[in-house]
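Taking it in order: structure first as structure tokens, then the write-up.
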Protein chains: 2
Amino acid sequence: MDLGGLTVEEYLKENGIKPSYQRIRIFEYLIKNQNHPNVDTIYRALYKDIPTLSRTTVYNTMKLFREKNITQMINIEDTETRYDADVSPHGHFKCTQCGNIFDVRMDVSDMEVEGLDSFRVEETHLYFKGTCDDCIEEKKS
Amino acid sequence: MDLGGLTVEEYLKENGIKPSYQRIRIFEYLIKNQNHPNVDTIYRALYKDIPTLSRTTVYNTMKLFREKNITQMINIEDTETRYDADVSPHGHFKCTQCGNIFDVRMDVSDMEVEGLDSFRVEETHLYFKGTCDDCIEEKKS
DNA sequence: GTATCTGCAAAACATTTGCAATTCT
DNA sequence: AGAATTGCAAATGTTTTGCAGATAC
């Protein structure tokens, strides 16, 4: 993740977000841990350092980040929403064994999709589910 | 939707599902109404005819259908899971105005995706979000 | 007659809301 | 001081679970 040479604080300001302590820490977490976390994972990780942090603040912050377009939502399972600070067009692969989500580079321009003429497309989401290499190896041994 | 000349009852049996009255009615609803309904929509529609029906049964049934691979889950919003009795590979477009979901034909073989070599892919999901033609027209007038 | 299926009520879980206390400028 | 932000507690909405009664083969 590259913020174009900006600090997190500058990047947030640039995108119309007041850089509060919590918001900076949450965004820092997102770019340092490219693990596509859900709200609870973010909360637990930061709670160690910021014991006053509440889940509500994480929810509020993720909602704000989404509105300002500096994160995208990943809805693969119905049970949890995960987040990605990389908003460039790319896909995801979720391993159903370990639960990890991996980035998948994709060239949307390659995609020949019929029947989209009558729609104004604002978002494109592509994801795969299956088993990752590590989990395949694990089963063999 | 084509069941290959089978009745719903035969189709369910064929797929290892005991064709109870509720299951038949639910599956019939899915193939007659290609509206990608959520559990509540299915429940409300059938409740008129089957007043003893419970949401639990709809949930149970949808879980069973998924396991037997005669429906697929559509997770576009974090708030609701929707279902499709068409399990052939295709994408979806959700209009954020009216909430309708439309099928989008796609040829997966056209898709050039890098970095999937190390994964065993079991499912591919493609969806778009935006505004449909009807809702664009509506705003103009 | 025994397995399975259904459906009620309660529980579980993620997310949102209302509001009071806190923080920042 | 005034506006925005935080965080608690309660509410909401969806889905799951436990279990008793009904149904089917």
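Below, read A as the first sequence line, B as the second, and so on, with proteins coming before strands; counting in each chain starts at 1.
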Rounded to the nearest 0.5 Å, what separates atom [atom1] in [X] from atom [atom2] in [Y]?
| X | Y | atom1 | atom2 | value |
| --- | --- | --- | --- | --- |
| A:His125 | B:Lys129 | NE2 | NZ | 6.0 Å |
| A:Asn60 | A:Ser20 | CG | OG | 10.5 Å |
| A:Leu126 | B:Tyr127 | CG | OH | 10.0 Å |
| A:Ile17 | A:Asn69 | CD1 | CG | 9.5 Å |

Side-chain donor-acceptor distances from residues 33-48 of chain A under 3.5 Å, at least two apart:
unit_1: A:Asn33; atom_1: ND2; unit_2: A:Tyr29; atom_2: O; d: 2.9
unit_1: A:Asn35; atom_1: ND2; unit_2: A:Tyr29; atom_2: OH; d: 3.4
unit_1: A:His36; atom_1: ND1; unit_2: A:Ile101; atom_2: O; d: 3.1
unit_1: A:His36; atom_1: NE2; unit_2: A:Asp84; atom_2: OD2; d: 3.4
unit_1: A:His36; atom_1: NE2; unit_2: A:Asp103; atom_2: OD1; d: 2.9
unit_1: A:Asn38; atom_1: OD1; unit_2: A:Asp40; atom_2: N; d: 3.3
unit_1: A:Asn38; atom_1: OD1; unit_2: A:Thr41; atom_2: N; d: 2.8
unit_1: A:Asn38; atom_1: OD1; unit_2: A:Thr41; atom_2: OG1; d: 2.7
unit_1: A:Asn38; atom_1: ND2; unit_2: A:Glu80; atom_2: OE1; d: 2.8
unit_1: A:Asp40; atom_1: OD1; unit_2: A:Arg55; atom_2: NH1; d: 2.1
unit_1: A:Asp40; atom_1: OD2; unit_2: A:Arg44; atom_2: NE; d: 2.7
unit_1: A:Asp40; atom_1: OD2; unit_2: A:Arg44; atom_2: NH2; d: 2.9

Practice item. Determine whether A:Gln72 and A:Arg66 make a side-chain contact, defined as any pair of heavy atoms from C-beta on separated by less than 4.5 Å. Key: no
Check your understanding: Hey, are the side chains of B:Asp134 and B:Asn100 touching, using non-hydrogen atoms and a 4.5 Å cut-off?
Key -> no
Check your understanding: Of all of residues 39-70 of chain A, which get a heavy atom below 4.0 angstrom from DNA chain D, listed by number?
Key ->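 Listed by number, they are A:Thr52, A:Leu53, A:Ser54, A:Thr56, A:Thr57.
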Review point. Between the side chains of B:Thr131 and A:Glu122, does any donor sit under 3.5 Å from an acceptor?
Key: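 Judged by distance alone, the side chains do pair up.
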Point to revise | 5' to 3' contact window, DNA chain C with chain B (heavy-atom distance under 4.0 Å) | key: C:dT4 to C:dA9
Point to revise | Outermost DNA chain D nucleotides near chain A [under 4.0 Å, heavy atoms] | key: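 Result: D:dA4 to D:dA9.
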Review point. Paired with D:dT23 by Watson-Crick or G-U wobble geometry, both distances under 3.5 Å: which nucleotide is it?
Key: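 WC or wobble partner does not exist here.
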Review point. Are B:Phe128 and A:Phe119 near enough that their ring centres are under 6.0 Å apart?
Key: no
Review point. For A:Leu53, does its backbone N or O pair with a side-chain atom of A:Thr57 as donor and acceptor, under 3.5 Å?
Key: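 Checked: no pair found.
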Review point. Quick check: does any side chain N or O of B:Arg120 sit under 3.5 Å from a backbone N or O of A:Cys132, one acting as donor and the other as acceptor?
Key: no
Point to revise | Residue-level proximity of residues 73-81 of chain A to DNA chain C when a heavy atom falls under 4.0 Å | key: A:Thr79, A:Thr81
Practice item. Return the residues of residues 9-38 of chain B meeting this criterion: a heavy atom under 4.0 Å from some atom of DNA chain C. Order them by number, or give none. Key: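 Only B:Lys18, B:Ser20, B:Gln22, B:Arg23 qualify.
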Check your understanding: Less than 4.0 Å between a side-chain N and a carboxylate O, is that true for B:Asp86 and B:Arg105?
Key ->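 Result for this pair is yes, salt bridge flagged.
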Point to revise | Pair B:Glu77 + B:Lys94: basic N to acidic O under 4.0 Å | key: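 So B:Glu77 pairs with B:Lys94 through a salt bridge.
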Practice item. Look at the aromatic rings of A:Phe93 and A:Phe102 and report parallel, tilted or perpendicular, splitting at 30° and 60°. Key: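 Correct class here is tilted.
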Point to revise | Heavy-atom pair of closest approach, residues B:Ile76 and A:Asn75 | key: O-OD1, 3.2 Å
